Amino acid sequence: MKKAIQFGAGNIGRGFIGGLLSEAGYHVVFADVNQEIVDKINEDKKYTIYVKDVESKEIVITDISAVNSTKPELIDEIKEAEIITTAVGVRILPIIAPSIAEGIKARKENGSEKYLNIIACENAIKASSQLKEAVYGNLNDEEKAYADKYVGFPDCSVDRIVPPVRLDNPIDVVVENYYEWNVEEASFKGAVPQINGMNLADNLMAYIERKLFTLNTGHCITAYLGNYKGYKTIDESIADDEIFKTVKKAMQQSGMALVNKYGFDKDAHFKYIDKILNRFKNPYLVDDTARVGREPLRKLSATDRLTKPTMTALEYDLPVDALLAGMAAALKYDNAEDPQSVELQDKIKANGAKAALKEVSGITDEKILDDVVAIYEAM
Ligand SMILES: NC(=O)C1=CN([C@@H]2O[C@H](COP(=O)(O)OP(=O)(O)OC[C@H]3O[C@@H](n4cnc5c(N)ncnc54)[C@H](O)[C@@H]3O)[C@@H](O)[C@H]2O)C=CC1
Ligand SMILES: O=P(O)(O)OC[C@H]1O[C@](O)(CO)[C@@H](O)[C@@H]1O
């Protein structure tokens with residue numbers, strides 16, 4: 001039996017990566033802290049992915065089980081796994097790293113010469129490399145040497161919109177039809193697994209930035225502007241012509257930065273942007289602005305979807321006004337249920353918008369900070 005472990009039985013875990021692994025013939029063990037979900041997966045041993053788009057379909061995912069990721073059973077599962085994937089959120093990676101390290105130690109103690117590949121499917125730059133660093137922090141030199149030989153950490157980009165939906169069965173999921181999962185071929189250890197839907201790539205940074213600074217840039221600006229105007233969902237927000245125009249312009253400004261940086265074909269890239277804007281309009285997905293805008297401190301940080309494309313565009317002397325409008329809208333994001341939004345608003349109240357943005361984004365260019373604040377104050 002080929003075994004895969006999917007850390008995080010949430011939306012992407014069940015709605016995308018876990019589903020692909022199961023369809024590729026793996027027995028998928030979901031590892032999660034949510035005991036209710038763990039129990040339900042073990043009880044049903046299957047769930048349904050509802051694809052809701054222009055065309056709808058249902059895919060039943062089978063040959064699955066689950067384990068509580070805080071329990072010792074997880075280590076036994078890691079001993080037998082060929083592949084580990086994560087979709088837990090980038091800030092959770094350091095929390096799961098010690099268990100993964102324990103699993104690697106157990107494999108070494110068993111004298112295992114089986115390869116293990118670990119792919120962090122998170123919205124972040126080189127998330128698997130980040131996880132590797134956290135795992136290696138829990139290994140001694142001998143264990144690191146073992147991991148260097150047998151454990152791969154290929155980076156990836158992961159793209160499918162899977163909003164949380166309350167269905168009668170809590171482990172069923174609703175997804176869009178589109179998906180794209182690009183994984184760095186050269187970093188696999190041992191034979192590269194053949195998984196339908198997993199695209200092997202060699203220029204991963206280009207794929208990661210293409211996705212993060214196009215879909216995620218446009219998506220969060222839609223969320224922040226939509227929230228500001230009182231819309232609840234992404235499709236409602238993008239139907240507002242003023243928001244649509246700002247979002248499209250921001251994606252094109254980020255796009256021109258990518259075209260210059262990576263030599264992408266401009267026409268093809270602008271078509272990619274239009275396709276993404278159509279995905280935002282999907283009326284069958286009820287995707288809250290609060291989900292897409294979640295954790296604004298992370299989204300405004302130096303390497304993420306607002307600041308990084310802006311700084312790249314500036315390096316090439318390209319216009320950035322729509323991206324700055326997106327940042328201003330992020331500063332306006334005020335949601336008492338999102339701890340990072342509360343922290344952001346506290347920082348703004350304590351020190352002003354300019355100082356808060358400077359601290360959160362790492363931007364030191366006074367003119368850019370002033371331009372964002374001018375838009376923010378005019379809103
Ligand atoms: N939902 C989406 O459309 C997409 C999400 N992503 C990325 O995928 C990642 C997960 O996002 P979602 O699936 O939306 O979130 P989610 O909140 O639906 O799922 C996260 C899961 O991780 C579990 N978890 C939390 N701490 C854990 C731990 N210590 N050990 C094991 N499991 C733990 C949670 O209980 C939850 O089931 C994020 O990095 C997100 O940026 C990427 C592309 C699309
Ligand atoms: O999961 P994050 O990084 O908080 O951001 C939400 C984003 O993730 C996605 O769910 C999938 O890429 C997008 O829909 C959205 O832009």
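Just so we're clear, the structure is a prediction, and the values are computed from it rather than from any experiment. When a ligand or atom number is given, it counts from 1 through the structure's own listing order.
- Ligand 2 has no N or O atom lying under 3.5 Å from any N or O atom of Asp159, backbone or side chain.
- Residue Ile59 is grouped with residue Leu20 when hydrophobic side chains (ILVMFWY) are merged at heavy-atom distances under 4.5 angstrom, including chains of intermediate members.
- The nearest pair of heavy atoms linking Ala124 to Gln130 is CB-NE2, 4.2 Å.
- Heavy atoms of Val162 found under 4.0 angstrom from ligand 2: none, in either backbone or side chain.
- In terms of protein heavy-atom proximity, atom 4 (O) of ligand 2 is nearest to Arg298 NH2, 2.6 Å.
- Under a 4.0 Å criterion applied to the non-hydrogen atoms of Asn216, ligand 2 contributes the atoms 7 (C), 8 (O), 12 (O), 13 (C), 15 (C), 16 (O).
- Taking CD from Glu82 and CE from Met1, the interatomic distance works out to 9.5 Å, rounded to the nearest 0.5 Å.
- Shortest non-hydrogen contact noted between Asp304 and Pro309 is O-CD, 3.4 Å.
- By the criterion of side-chain heavy atoms lying less than 4.5 angstrom apart, applied directly or through intervening Ile, Leu, Val, Met, Phe, Trp or Tyr residues, Leu116 is grouped together with Phe7 in one hydrophobic cluster.
- Classification of the Phe264-His269 ring pair by plane angle, with boundaries at 30° and 60°, yields parallel.
- Using a 30° and 60° split on the angle between ring planes, His219 and Phe280 fall in the parallel class, below 30°.
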Kindly print each ligand 1 N/O atom paired with any protein N/O atom under 3.5 angstrom away, one pair per line, or none if nothing qualifies.
unit_1: ligand 1; atom_1: 1 (N); unit_2: Val162; atom_2: O; d: 3.1
unit_1: ligand 1; atom_1: 1 (N); unit_2: Arg291; atom_2: NH1; d: 3.4
unit_1: ligand 1; atom_1: 3 (O); unit_2: Arg160; atom_2: O; d: 2.9
unit_1: ligand 1; atom_1: 3 (O); unit_2: Val162; atom_2: N; d: 2.8
unit_1: ligand 1; atom_1: 13 (O); unit_2: Asn11; atom_2: N; d: 3.2
unit_1: ligand 1; atom_1: 13 (O); unit_2: Ile12; atom_2: N; d: 2.8
unit_1: ligand 1; atom_1: 14 (O); unit_2: Arg294; atom_2: NH2; d: 3.4
unit_1: ligand 1; atom_1: 18 (O); unit_2: Asn11; atom_2: N; d: 3.0
unit_1: ligand 1; atom_1: 18 (O); unit_2: Asn11; atom_2: ND2; d: 2.7
unit_1: ligand 1; atom_1: 30 (N); unit_2: Ser69; atom_2: OG; d: 3.0
unit_1: ligand 1; atom_1: 35 (O); unit_2: Asp32; atom_2: OD1; d: 2.6
unit_1: ligand 1; atom_1: 37 (O); unit_2: Asp32; atom_2: OD2; d: 2.7
unit_1: ligand 1; atom_1: 39 (O); unit_2: Glu122; atom_2: OE1; d: 2.5
unit_1: ligand 1; atom_1: 41 (O); unit_2: Asn123; atom_2: ND2; d: 3.1

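- Residues Asp63 and Ser22 bring no donor and acceptor atom of their side chains to less than 3.5 Å of each other.
- Transitive grouping of hydrophobic side chains (ILVMFWY, heavy atoms separated by less than 4.5 Å) keeps Phe153 and Ile208 in distinct clusters.
- Considering every non-hydrogen atom in both Ser128 and Pro154, the closest pair reads OG-O, 2.6 Å.
- Atoms of ligand 2 found under 4.0 Å from any heavy atom of Lys211, numbered from 1 in the order shown, are 12 (O).
- Considering only non-hydrogen protein atoms, atom 1 (O) of ligand 2 sits nearest to Arg294 NH2, 2.7 Å.
- Scanning all protein heavy atoms for the shortest distance to atom 15 (C) of ligand 2 gives His219 ND1, 3.1 Å.
- Interface of Asn123 with ligand 2, defined as ligand atoms under 4.0 Å from a residue heavy atom, comprises 1 (O), 2 (P), 3 (O), 5 (O), 7 (C), 8 (O), 9 (C), 11 (C), 12 (O).
- When hydrogens are left out, the protein atom nearest atom 5 (O) of ligand 2 is Arg305 NH1, 3.1 Å; that is the closest non-hydrogen contact.
- The shortest non-hydrogen separation linking Leu74 to Ala31 is CD1-CB, 3.9 Å.
- Taking distance alone, with nitrogen or oxygen atoms compared against 3.5 Å, Arg291 approaches ligand 2 more closely than that limit.
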